[in-house]
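For ligands, and for the atoms within them, numbers begin at 1 and follow the listed sequence.
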Amino acid sequence: MISLKGRNFLTLKDFTPEEITYLINLAAYFKKLKKEHVLHDKLKGMNVALIFEKTSTRTRSSFEVAAHDLGMGTTYLDPKSSQIGKKESIEDTAKVLGRMFDGIEYRGFGQEIVENLAEHAGVPVWNGLTNEYHPTQILADMLTIREHSGSLKGRTLAYMGDARYNMGNSLMIGCAKLGLNFHAVAPKKYFPDPALVEQCRKWADESGAEIVLTEDVMQGTKDVDAVYTDVWVSMGEPDEVWEERIEDLTPYRVTMDVMRNAAKDAIFMHCLPAFHDLDTEIGREINKKFGLTCMEVTDEVFKAYDKPVFDEAENRMHTIKAVMAATLSDDWEI
Ligand code: CP
Ligand code: NVA
């Protein structure tokens, strides 16, 4: 029997393929209960703190809805309305919050911050996104691929764009552990860190997967089961990098040609938010400055493949629920 009670959830590197699969299965179980309107509020009386040093729609909503579904109370803390970092160290914050809450979510900058929080909190800490990793997103992505393709092992995911940041890193780890082939399709300087690639290749050897880094879009996306992309400039990065990213990554935009090159029933995936039209402030600013009407994905692809993308967004909630439930209790019979 798998028990994750008391564990932190900071990066998928810390979890075995069996443990990751357990979390995905638990999420599918909660999804079914939710659809059938079956209450699953076993964690009544518990409370969780949600720290967001960067903005969020999906992750915050997922933690709040999931916590409430499980019967728990939530407290949202942002840098402006708390002392975190400015007047109080992460260590002291962790010690205080650990006395009041049963679990703590953290979204912010360096991975070392969430690690520090986890070291001192004495209760499970969950990574809601750092510069380096976004592990809860990967659980949702894997559940989505499994729902659409029927299986994970042996499938191939191509990640197009900046493969050195949180999404590229975490997808590579998740794929390597669960036996999906991972293709990073990007200019060389956007390839993931060689040390992480080496580590992932070892997990991939065990799971039977392959990790490919290529600059060639058509080769990297040929017959793949999922084409994944993310924004070209991540939260917390300076505006000055836009020009270089646009120049470097425009050839790696997900277009209809890319989707036609993928497997016949391939899905398009994106962690969201996405720049696919001019209906956002930043989209319009970039349009004014550089003339682009979309960035990492064309509006045509986004609209044609929107079902899996919004399934993926919904699955954030079910998978985050699984992470909180599994690390706070082992009283789940699935
Ligand atoms: N995908 C994701 O993490 O979305 P948010 O930034 O809205 O939480
Ligand atoms: N790479 C993006 C992911 C957003 C969910 C960012 O860090 O902003």
Can the positive tip of Arg60 be found less than 6.0 Å from the middle of the six-membered ring of Tyr76, inside 45° of the ring normal? yes
Does the cation-pi check pass for Lys42 over Trp332, that is, NZ or CZ under 6.0 Å from the six-membered ring centre and within 45° of its axis? yes
Side-chain contact, heavy-atom cut-off 4.5 Å: Leu213 with Val197? yes
Can you check whether His276 reaches Thr298 side chain to side chain, under 4.5 Å on heavy atoms? no
Under 4.0 Å to a heavy atom of [X] - the qualifying atoms of ligand 2, by number:
X	value
Leu129	3 (C), 4 (C), 5 (C), 7 (O)
Met235	6 (C), 7 (O), 8 (O)
Leu272	5 (C)
Asp230	1 (N), 2 (C), 3 (C)
Asn166	1 (N), 2 (C), 6 (C), 7 (O)

Taking only heavy atoms of Leu272, which atoms of ligand 1 are found under 4.0 Å from at least one of them? 1 (N), 2 (C), 4 (O)
Near Thr57, which atoms of ligand 1 are under 4.0 Å from a heavy atom of that residue? 5 (P), 7 (O), 8 (O)
If you count heavy atoms of other groups shown closer than 6.0 angstrom to CD of Glu36, is the number above 12? yes
Tell me if the CD atom of Glu300 is crowded by more than 12 foreign heavy atoms within 6.0 Å. no
Step through it carefully: locate the ring centre of Phe15, locate the ring centre of Phe9, and say whether they are under 6.0 Å apart. yes
In this structure, is the centre-to-centre distance between the rings of His270 and Tyr228 below 6.0 Å? no
Where does Thr59 meet ligand 2, judged by heavy-atom distances below 4.0 Å: at the side chain, the backbone, both, or neither? neither
Which residue supplies the protein heavy atom nearest to [atom], what is that atom called, and how far is it?
atom	answer
atom 4 (O) of ligand 1	Arg58 NE, 2.8 Å
atom 6 (O) of ligand 1	Arg107 NH1, 2.9 Å
atom 2 (C) of ligand 1	Arg316 NH1, 3.2 Å

With the 4.5 Å side-chain cut-off for hydrophobic clustering, are Val233 and Met235 part of the same group? no
Would Val217 end up clustered with Ile211 when hydrophobic side chains under 4.5 Å apart are linked, directly or stepwise? no
Any N or O of Cys271 closer than 3.5 Å to N or O of ligand 1: yes
Contact (N/O only, under 3.5 Å) between Ser234 and ligand 2: yes
Determine whether any heavy atom of Asp162 lies closer than 4.0 Å to an atom of ligand 2. no
With heavy atoms only and a cut-off of under 4.0 Å, state how His134 meets ligand 1: side chain, backbone, both or neither. side chain
